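Predicted, not measured: the structure shown is a model, and the values here were computed from it. The sequence lines fix the lettering, A, B, ..., with proteins before strands; numbering per chain opens at 1.
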There are 2 protein chains.
Amino acid sequence: MVAHSKCNRCMDRLCMHKVPILSSLDKEDLKKIMKLIRHHEYEKGEMLLFDKDAMNSVVIINEGTAKAYKNTPDGREQILYIFSEGDFFGEQNLFSNQAATYSVQALQPVKTCNLYRDQFQELLYKYPEIAVKIIGELGNRMTRLENALQSIGVRNVDNRIGSILLEFAQKYGTRDRMGTIIHLPFSREGVANYLGVARETVSRKFSQLENDGIIQSLNNKEILIPDMNKIEAIAGTN
Amino acid sequence: MVAHSKCNRCMDRLCMHKVPILSSLDKEDLKKIMKLIRHHEYEKGEMLLFDKDAMNSVVIINEGTAKAYKNTPDGREQILYIFSEGDFFGEQNLFSNQAATYSVQALQPVKTCNLYRDQFQELLYKYPEIAVKIIGELGNRMTRLENALQSIGVRNVDNRIGSILLEFAQKYGTRDRMGTIIHLPFSREGVANYLGVARETVSRKFSQLENDGIIQSLNNKEILIPDMNKIEAIAGTN
DNA sequence: CGGACCATTGATAATTGTCAAAATTCGTGG
DNA sequence: CCACGAATTTTGACAATTATCAATGGTCCG
């Protein structure tokens, strides 16, 4: 295998073509930028970022998933995002020297592409399209946060459980003739920390849903949903 | 008063100089853009935007405050943002045709400056600095949302009350030799909808804090805080 | 001064958190 | 491929917190 062909393979398999925000670059520039990118790999459970640490790069997830979370005053962790292929973080620190506002930990083996802040900034000034795409992506993420805030503000936990099942079905669900199978990105404790409730409460709610025949627990990380309409009914009008 | 001088006065008093995202424009361009801007006024209680409505402009708040909120399945409203002078909304819809994701209602008399989507887009391509500023501003707003999500995920309502008091002290507080006076942007019901708890719970918690000598209610919308450190202690480690 | 609106307080019910024990699942190594 | 131990999850009982409903008390404004 020649070095050059390996390099092309890189370009296809690494960040470039996976990351929407870079997809407007032409081949020439892609090559230039490729040289600036540093790669990192993390094992499951490893930390990609600690809350309050200084940051100097924008990190793009190339493979795997990671959770972003904050530690709450009462000692839990509140999960904010689940990053997967093509997502990025560190952009908040692009134009200020503020420290990280959350921690990021790998949920699976993760590969990242990192770009130093200064270099990324240059990119933005050179390609307004990239900035425009980032604005669009940040908009999506904000909408997600706004929904989460609405959802977590709902006092009825049943609604919240319904919402999270809908969300996960969209992101991690596969269709089957039995129904929809959700591959949960994390354990029950993760679900609890995403919802902002106690682990045991999640267990109880899931058990109840299983008794009612609305979901079926295949194993700790897979759930079968025969009829998605019933979940929507539980989630309420969203 | 001559028309021309009035116009200059406009430039000073209207959006241009109040809005950080436009402040990088030179005078020439400011003038051009001024012609594109349409102004609106709203009375207290009037709606600036309805959730799920189509949008075609970016709206910049020039005077007054407004709340952005979503209706929850259980019939409450969850407040997401309090917009004041210099804040903007509608940017999510800049590059997609998605409908509004929240409602916006005036808390006081409000004046806005509106820019049509297409025209705003052109601005972004012409001035990458504006896009960069918007990214920065969106980053700030996301950080605020992330904090809110963390805060509301905390099961201990006392912590949450503490957090909101800290936040409001920063945004709406004035120093006094008696301590800090917070001018609440809205009623108890508003506070409750911001926190995601029942109105009565807010009353009870405030009463309790007053009994403990930590706050002093001057009237329905003003609170005196003699010692901010005690509030920080209640909010917990943030 | 009066009326409408908003805030407070009380009593009770419902929900969820907490702690502890039992059951299940998962991964590893034989 | 099975078995074992560790980790995670489920379940139960109880305590704590908050929502709800209803009535009272205040405040603001014309």
Task: Note, A/M142 side chain near B/L138 side chain (heavy atom, < 4.5 Å) - done: yes

In whole angstrom, what separates [X]'s [atom1] from [N]'s [atom2]?
X	N	atom1	atom2	value
A/L195	C/dG17	CG	P	10 Å
A/R199	C/dT18	CZ	C1'	10 Å
A/E210	C/dA23	CD	P	18 Å
A/R76	C/dT16	CZ	C1'	13 Å
B/K221	C/dC5	NZ	P	15 Å
A/R160	C/dT15	CZ	C1'	11 Å
B/L107	C/dC6	CG	P	13 Å
A/E189	C/dT25	CD	P	19 Å

- [ ] Classify the side chain of B/R204 versus the base of C/dG10 as yes if they form a donor-acceptor pair under 3.5 Å and no if they do not.
- [x] yes

TODO: Map B/N219 and A/E200 onto DNA chain D by nearest heavy atom, then report which one ends up closer to the 5' terminus.
DONE: A/E200

Check every strand shown and say whether [X] touches a base, only sugar-phosphate, or nothing at a heavy-atom separation below 4.0 Å.
X	result
B/S203	base
A/V157	sugar-phosphate
A/K205	sugar-phosphate
A/V197	sugar-phosphate

Task: Residue that, paired with A/L166, satisfies side chain to side chain contact (heavy atoms under 4.5 Å, CB included) out of A/I161, A/I225, A/I231 - done: A/I231

Open item on the list: Looking at B/F168, I'd like to know if the NZ or CZ of B/K171 sits under 6.0 Å from its six-membered ring centre while staying within 45 degrees of the ring's axis.
Closed with: no

Task: Which residue lies more 5' along DNA chain C, comparing A/N156 with A/N220 via nearest heavy atoms - done: A/N156

- [ ] Verify the distance criterion only: is there a donor paired with an acceptor across the side chains of A/N147 and B/K70 at less than 3.5 Å?
- [x] yes

Open item on the list: For the residue pair B/S57 / B/R38, report whether a side-chain donor-acceptor contact shorter than 3.5 Å exists.
Closed with: yes

Open item on the list: Going 5' to 3' along DNA chain D, between which two nucleotides do contacts with chain A fall, using a heavy-atom cut-off of 4.0 Å?
Closed with: D/dT9 to D/dT20

Open item on the list: I'd like to know if A/R188 and A/E200 make a salt bridge, using a cut-off of under 4.0 Å between side-chain N and carboxylate O.
Closed with: no

Task: B/E63 side-chain N/O to B/V110 backbone N/O, donor-acceptor pair under 3.5 Å - done: no

